[in-house]
Amino acid sequence: MDYGLIQYVELTGKMKSFSLGWLLLVAILVTSSLPLSQAFRRVNTSVFLSPKIELEPGLVSNKYYYGVDFPRGHIALKSFNAEIVDEAGNPVPLYDTYLHHWLVVRIFVRKGLGTSDISKLNSSDYIFGRNSGICNDGVLDQFFGLGSETRRTATRIPDPYGIEIGNPAEIPSGFEETWAINVHAIDTRGVEDTVGCIECRCDLYNVTSDASGSPLSPNYKGGLQCCYDGRRCRMKEGFNGMNRTVYLRYTVEWVDMDSSIIPVKVYIFDVTDLWKRTTNSTGINLEHNCQVEYDIKSCRATGSTKNACIDDKRVSLEMPFSGYVIYGVGHQHVGAAGSSLSWQGGRVLCSSLPIYGTGEKAGNEAGYVVGMSTCYPKPGSVKISKGDTLILESKYSNMKQHTGLMGLFYLLVADKLP
């Protein structure tokens, strides 16, 4: 009998037992510092595809897709990421199909109608379940929404927070919660002026009226009203390209809602907000008028070269809520030089800077904004009180003229701390 072999087997068995015991002890120490529901909470992940998006060189697709696939039940959303992919599931680069924006909107639809397409319903049969503001109703109502920066912008909501959806107490009686996605994609293969096309310059789309047929102001040079669904940007002479089918692939992470999760509210600020105070029988109200887009002139055209040709647009906003900031991110377009939210005294609450691509692969396309930096303040370190004034600042390079720019800022705010 080989006693050496027996001793080796016994020793290695003891070592394995010791290692397993040690790992178990570490796990117990770690989880004991967390509420039980957090320590063992399961994060669910689902990947969905939008309906087909049919494109041709130069063509714009800007459609709402109603009743899309989405996690159901009383849950808390933890992240939402999206990108444009082809029929084989390969990421499509921005220089082929520019993702101007995607939005995720909640709509309560009356039960038993057999459709969630609100274009086929009476207005009494649906209710928009918008975010918490602060823009006027019908403007920037989305829960999530990004653009070209989507692949490299973090959307993860830290524990123990989440966006609560599917709460039966918040769903109007006789209605059900549904979700819609808006995808605005521009096929820029073979176009004459790529930047002009993605900035929706009206002359490149040969547009003098909006999608409803109403004449545009002569002063309106570019923006969403010129690159609506079905329009085509000016092409290079002789260019021929194939039609293609793409999809918005979106990945949603969520957890089941329980008492350990603290809901966060979604707020969107707009640097073009022409808000004002009004007084009525209920007291003082804040009326918001978010324009969403704006243009800037070239510093060369204006003769101004101050601040290294940086256009700095600001708006002071009075806060209609109180709470703790959990997450923040800006949304800007090509030419972006960063955005921020600050207190009146100048102290920065959150700064969000653009990430520009340097190569050819999807997610790193040279010259495009492929990401925005985010803010994750230490919980409890940034509190907003009702009545506070915050300064939203949006900076762009104005070495060239730009149209259809945006200066939005998303904040997730919790009413309480753990």
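Only heavy atoms go into these numbers, but all of them, side chains included; no hydrogens, no water, no symmetry mates. By convention here, the first residue in the shown sequence is residue 1. Bear in mind that the values here come from a model prediction, so they are computed numbers and not experimental data.
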Looking only at the side chains, is there a donor atom on one of [X] and [Y] sitting less than 3.5 Å from an acceptor on the other?
X: Thr245; Y: Glu54; value: yes
X: Thr115; Y: Asp117; value: no
X: Gln291; Y: Thr272; value: no
X: Gln332; Y: Ser394; value: yes
X: Gln142; Y: Tyr410; value: yes

Spatial distance of atom [atom1] ([X]) from atom [atom2] ([Y]) [nearest 0.5 Å]:
X: Asp125; Y: Ile118; atom1: CG; atom2: CD1; answer: 11.0 Å
X: Arg244; Y: Thr97; atom1: CZ; atom2: OG1; answer: 5.0 Å
X: Trp102; Y: Asn81; atom1: CH2; atom2: CG; answer: 7.0 Å
X: Asp69; Y: Ser46; atom1: CG; atom2: OG; answer: 9.0 Å
X: Met257; Y: His74; atom1: CE; atom2: NE2; answer: 5.0 Å
X: Ile171; Y: Glu177; atom1: CD1; atom2: CD; answer: 5.0 Å

Other residues, nucleotides and ligands only: do more than 12 of their heavy atoms fall within 6.0 Å of [atom1] on [X]?
X: Lys400; atom1: NZ; result: no
X: Lys265; atom1: NZ; result: no
X: Asp86; atom1: CG; result: yes

Determine the minimum heavy-atom distance between [X] and [Y], stating which atoms define it.
X: Met372; Y: Pro354; answer: SD-CA, 3.5 Å
X: Ser116; Y: Thr178; answer: OG-CG2, 3.7 Å
X: Pro377; Y: Val325; answer: CG-O, 3.8 Å
X: Ile296; Y: Asn398; answer: CD1-CB, 3.7 Å
X: Leu55; Y: Ala185; answer: CD2-O, 4.4 Å
X: Ala180; Y: Tyr66; answer: CB-CD2, 3.7 Å

pair [X]-[Y]: side-chain heavy atoms closer than 4.5 Å:
X: Pro418; Y: Ile262; value: yes
X: Ile75; Y: Leu77; value: yes
X: Leu49; Y: Val85; value: yes
X: Lys63; Y: Pro51; value: no
X: Lys78; Y: Arg156; value: yes
X: Tyr64; Y: Leu103; value: yes
X: Lys52; Y: Tyr247; value: yes
X: Arg277; Y: Trp275; value: yes

- Query: Can Glu176 and Arg72 be counted as an ion pair, charged N to O under 4.0 angstrom?
  - Reply: no

- Can Arg201 and Asp193 be counted as an ion pair, charged N to O under 4.0 angstrom? yes

[Y] and [X] SG atoms under 2.5 angstrom apart:
X: Cys227; Y: Cys233; value: no
X: Cys290; Y: Cys135; value: yes
X: Cys309; Y: Cys299; value: yes

Can any side-chain N or O of [X] pair as donor or acceptor with the backbone N or O of [Y] at less than 3.5 Å?
X: Thr188; Y: Tyr95; answer: yes
X: Asp229; Y: Asn62; answer: yes
X: Arg249; Y: Gly89; answer: yes
X: Thr403; Y: Lys221; answer: no
X: His333; Y: Gly404; answer: yes
X: Asp388; Y: Ser385; answer: yes
X: Arg231; Y: Tyr205; answer: yes
X: Glu237; Y: Met235; answer: no
X: Ser352; Y: Ser373; answer: yes

- Query: Within 45 degrees of the axis of the six-membered ring of Tyr294 and under 6.0 Å from its centre: does Lys313 put its NZ or CZ there?
  - Reply: yes

How are the rings of [X] and [Y] set to each other: parallel, tilted or perpendicular (split at 30° and 60°)?
X: Trp179; Y: Phe143; value: perpendicular
X: His402; Y: Tyr396; value: tilted
X: Tyr376; Y: Tyr327; value: perpendicular

- Item | Trace of the ring-ring contact (aromatic ring centres under 6.0 Å, His included) decision for Phe70 with Phe48 | CA-CA 8 Å; Phe70 210 79; Phe48 304 108; 7.2 Å; no

- Assert yes or no for the condition that the ring centre distance of Phe108 to Phe175 is strictly below 6.0 Å. no

